Amino acid sequence: MSRKRSVKDFQILDCIGEGSYSKVYKAVYLHNRRTYAVKILSKRHIVKEKKIKYVTIEKTTLNRLGHHPGVVTLYYTFQDVDSLYFVIDYANNGEMLSLLQKLGSFSEALAKYYLVQLVDAVEFIHSKGIIHRDLKPENILLSHDWKLMVTDFGAAKILNDEELPKDSLTNGAPAPTANGSDLEDSTSSSDEGTQSSSSRTGSFVGTAEYVSPELLKYNQCGFECDLWAIGCILYQLIVGRPPFKGTTEYQTFEKIIKLEYDYPANYFVPSTIKKIVEMLLISNPEERLVVADLKKMEWFKNVSWTEKDTIWKKKVP
Ligand code: ATP
């Protein structure tokens, strides 16, 4: 058993962000001088705001996911009287949304660079029996070398073993904790996010602009809802704004249900990209593109999906 860490093992530096029930700090681990992000959650606040479930889900999913270049790694968790601490990868280059706002929209090459990483990361997340359910550019962080890392698993759904995608058996069964020696579980790791019945049931989660029609209409959210969100993200990277955006949340939902989106006039979008968006933004989740077929689309024809180094070691365009 490795030694329990505490906040004393870290030099806490500047605050890099604030969530609704957490603060995130840049911090140096004193034993190896490596920089991490430390997410500090106030216990009193979590209990008062009834967020225990979300915090537990976030920890359980990150433990289950372990290490993957496209997912934020949770290295240590510990607590003191007032707070919970999550030590995670530090994303020097902030949120993808900020980069998008700075650039207006991405070039085709940059959009493809990130879509390839996103698809590889989501395929991995799904293979571990996890549906993210809140994919959006704010929940995609960028590392020091501009690689993408998916974060914010507070809304995720954790499937039971029998609900896992069949091919996940060939990828190795999901591990309850990854790299156990590296991870410390001083908070209880109950499976509150584990789904007990159908993988398509659940309550409203996510963000209006990226929510799938089946969630709005039938309160269902399977793996397909993450693919819907990927369609919205691809559109947004190219156009600069999400495909469905009303002035109110209600209007946004109406547009999603009616599948009401178009491309700005005089704005050239390659047909290979439009085709992917069209096949991801299909109202019926059963007809929507699945990851395996998405990877075969024309736009990705030069991508070697099995050669992970070409995906994760390639320099940003
Ligand atoms: P909410 O909980 O309200 O949905 P959130 O998910 O953004 O908000 P946090 O996960 O606590 O809340 O993140 C707060 C801010 O800190 C975010 O704006 C994010 O940009 C930044 N942040 C979070 N994790 C990291 C990280 N690993 N590296 C760098 N910045 C991060």
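Each ligand, and each atom within it, is numbered from 1 in the order the structure gives. Predicted model only: the values in this text are computed from it and were never measured.
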Worksheet item: Parallel, tilted or perpendicular for His68 and Phe124, by the 30°/60° rule?
Response: parallel
Worksheet item: Do you see a protein non-hydrogen atom under 4.0 Å from atom 11 (O) of ligand 1?
Response: yes
Worksheet item: Is the side chain of Arg133 donor-acceptor paired with the backbone N or O of Asp226 at a distance under 3.5 Å, no angle test?
Response: no
Discussion item. How far is atom 13 (O) of ligand 1 from the closest protein heavy atom, and which atom is that?
Written reply: Val24 CG2, 3.7 Å
Worksheet entry | Residue Leu141 vicinity, atoms of ligand 1 by number, heavy atom under 4.0 Å | 24 (N), 25 (C), 26 (C), 27 (N)
Worksheet item: Considering only protein heavy atoms, which is closest to atom 8 (O) of ligand 1, and at what distance to one decimal place?
Response: Gly19 CA, 3.4 Å
Worksheet item: Are any of the N/O atoms in Ser22 less than 3.5 Å from those in ligand 1?
Response: yes
Practice prompt. May I ask you to list the atoms of ligand 1 that are less than 4.0 angstrom from any heavy atom of Ala37?
Written response: 26 (C), 27 (N), 28 (N)
Discussion item. For the 3.5 Å polar cut-off, considering only N or O atoms, please tell me whether Asp89 and ligand 1 meet it.
Written reply: yes
Worksheet item: If you measure from each heavy atom of Val72 to ligand 1, is any distance below 4.0 Å?
Response: no
Item to complete: For the residue pair Lys157 and Ile130, establish whether any side-chain heavy-atom pair is separated by less than 4.5 Å.
Response: no
Worksheet, complete the sentence: The protein heavy atom nearest to atom 30 (N) of ligand 1 is Ile16 CD1, 3.7 Å
Fill in: Interfacing atoms of ligand 1 (cut-off 4.0 Å, heavy-atom, Ile88)
27 (N)
Worksheet item: Does an N or O anywhere in Lys39 fall below 3.5 Å from an N or O of ligand 1?
Response: yes
Practice prompt. Answer yes or no: is there a donor N or O on one side and an acceptor on the other, between the side chain of Gln220 and the main chain of Leu215, under 3.5 Å?
Written response: no
Throw together a table of side-chain donor-acceptor distances under 3.5 angstrom for residues 265-282, partners on residues two or more places apart or in other chains.
residue, atom, partner, partner atom, Å
Tyr267, OH, Ser105, OG, 3.3
Tyr267, OH, Ile238, O, 2.7

Discussion item. Tell me whether ligand 1 is touched by Asp152 - counting only heavy atoms on the residue side and a distance under 4.0 Å.
Written reply: yes
Worksheet item: Do Ser20 and ligand 1 have an N or O pair less than 3.5 Å apart?
Response: yes
Worksheet item: What pairs meet the salt bridge (charged side-chain N to carboxylate O under 4.0 Å, His left out) rule with one or both residues in residues 84-94, with sequence neighbours excluded?
Response: Arg34-Asp89
Item to complete: May I ask you to decide if His45's main-chain N or O and Ser42's side chain share a donor-acceptor pair within less than 3.5 Å?
Response: yes
Practice prompt. Run the salt-bridge test on Lys245 and Glu209 with the 4.0 Å N-O cut-off and return the result as yes or no.
Written response: yes
Worksheet entry | N/O separation below 3.5 Å, Glu95 to ligand 1 | yes
Worksheet item: Relative to each other, are the rings of Phe78 and Tyr85 parallel, tilted or perpendicular (30° and 60° limits)?
Response: parallel
Worksheet item: How far is atom 16 (O) of ligand 1 from its nearest protein heavy atom, and which residue and atom is that?
Response: Gly17 CA, 3.4 Å
Discussion item. Which residue and atom name correspond to the protein heavy atom nearest atom 28 (N) of ligand 1, and how close is it?
Written reply: Ala91 N, 2.9 Å
Worksheet item: Is it true that Lys136 and Glu138 have a side-chain N and a carboxylate O under 4.0 angstrom from each other?
Response: yes
